[in-house]
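First the structure, in the form of structure tokens, and then the observations on it.
For the single chain, residues carry numbers from 1 onward in sequence order.
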Amino acid sequence: CYPSDEAALTALTANKGIVTPWVVSPSTITSNNALLRGMLGKQRALNVITKNPGVLACDPERLAISSPQEIEAVASATSAVGRASTPLAFAALALFTLAL
């Protein structure tokens with residue numbers, strides 16, 4: 001999925017759940033990566049999984065019915081929440097995400 005071991009380790013640091021076997025299987029990760037590449041192209045898919053590694057753990061059937069715009073918007077919001085450094089900023093970003 002990722003272009004280097006370093007990029008993969010960064011994703012794991014952001015979301016350890018994507019390699020937890022009782023949460024997600026390797027086939028789900030592979031399927032979602034292929035689905036994202038098919039929907040968005042290689043570079044946009046890489047941008048999405050970099051911002052939101054958790055998208056690789058989504059239910060592939062639900063991901064398939066999401067629009068590319070929804071997927072990219074959630075990835076951007078997830079990334080922004082991850083960067084939020086204060087509770088107030090986190091709360092504002094959470095409300096923004098719920099509004100999507």
Side-chain angles (χ1 to χ4, degrees):
C1 296
Y2 294 92
S4 68
D5 289 346
E6 183 179 340
L9 289 173
T10 299
L12 289 176
T13 301
N15 190 331
K16 293 173 181 61
I18 60 175
V19 293
T20 308
W22 55 88
V23 175
V24 63
S25 69
S27 64
T28 298
I29 292 171
T30 302
S31 295
N32 284 341
N33 187 51
L35 179 67
L36 290 167
R37 285 178 176 219
M39 291 174 81
L40 303 170
K42 185 178 179 179
Q43 190 56 47
R44 284 173 61 200
L46 178 59
N47 189 42
V48 164
I49 66 172
T50 299
K51 288 181 176 180
N52 180 17
V55 72
L56 294 171
C58 289
D59 175 5
E61 291 178 10
R62 300 231 358 142
L63 186 60
I65 62 173
S66 299
S67 73
Q69 294 80 15
E70 289 173 319
I71 293 168
E72 290 178 310
V74 169
S76 292
T78 301
S79 178
V81 168
R83 290 190 313 266
S85 59
T86 66
L88 182 58
F90 179 78
L93 288 168
L95 289 173
F96 170 76
T97 302
L98 291 173
L100 295 176

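Rounded to the nearest 0.5 Å, atoms OG1 (T28) and CG (N33) are 12.5 Å apart. Put simply, CG on L63 and CD1 on I71 are 4.5 Å apart, with the number rounded to the nearest 0.5 Å. Distance check, rounded to the nearest 0.5 Å: CG of N52 to CD of E72 gives 12.0 Å.
Inter-residue side-chain proximity for I49 and N32 is flagged as unmet; no heavy-atom pair is nearer than 4.5 Å. Side-chain atoms of L9 and Y2, non-hydrogen and from C-beta on, never get closer than 4.5 Å to each other.
Among residues two or more places apart in sequence or in another chain, the side chain to side chain contact (heavy atoms under 4.5 Å, CB included) test is passed with S27 by S25. With sequence neighbours excluded, no residue forms a side chain to side chain contact (heavy atoms under 4.5 Å, CB included) with A34.
Minimum interatomic distance between C1 and L46 (heavy atoms only, all atoms of both residues): O-CD1, 4.1 Å. Summarising the geometry of S67 relative to M39, their closest heavy-atom pair is C-CE, 4.2 Å, with the distance given to 0.1 Å. Nearest heavy atoms, P68 versus L40: CB-CD2, 3.4 Å. Scanning both residues, L35 and P60, for their nearest heavy atoms gives CD2-O, 3.8 Å.
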Could you walk me through whether V24 and L56 pass the side chain to side chain contact (heavy atoms under 4.5 Å, CB included) check? CA-CA 9 Å; V24 63; L56 294 171; over 6 Å; no
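Within the structure, salt bridge (charged side-chain N to carboxylate O under 4.0 Å, His left out) contacts touching residues 49-67 (residues at least two apart or in different chains) do not occur.
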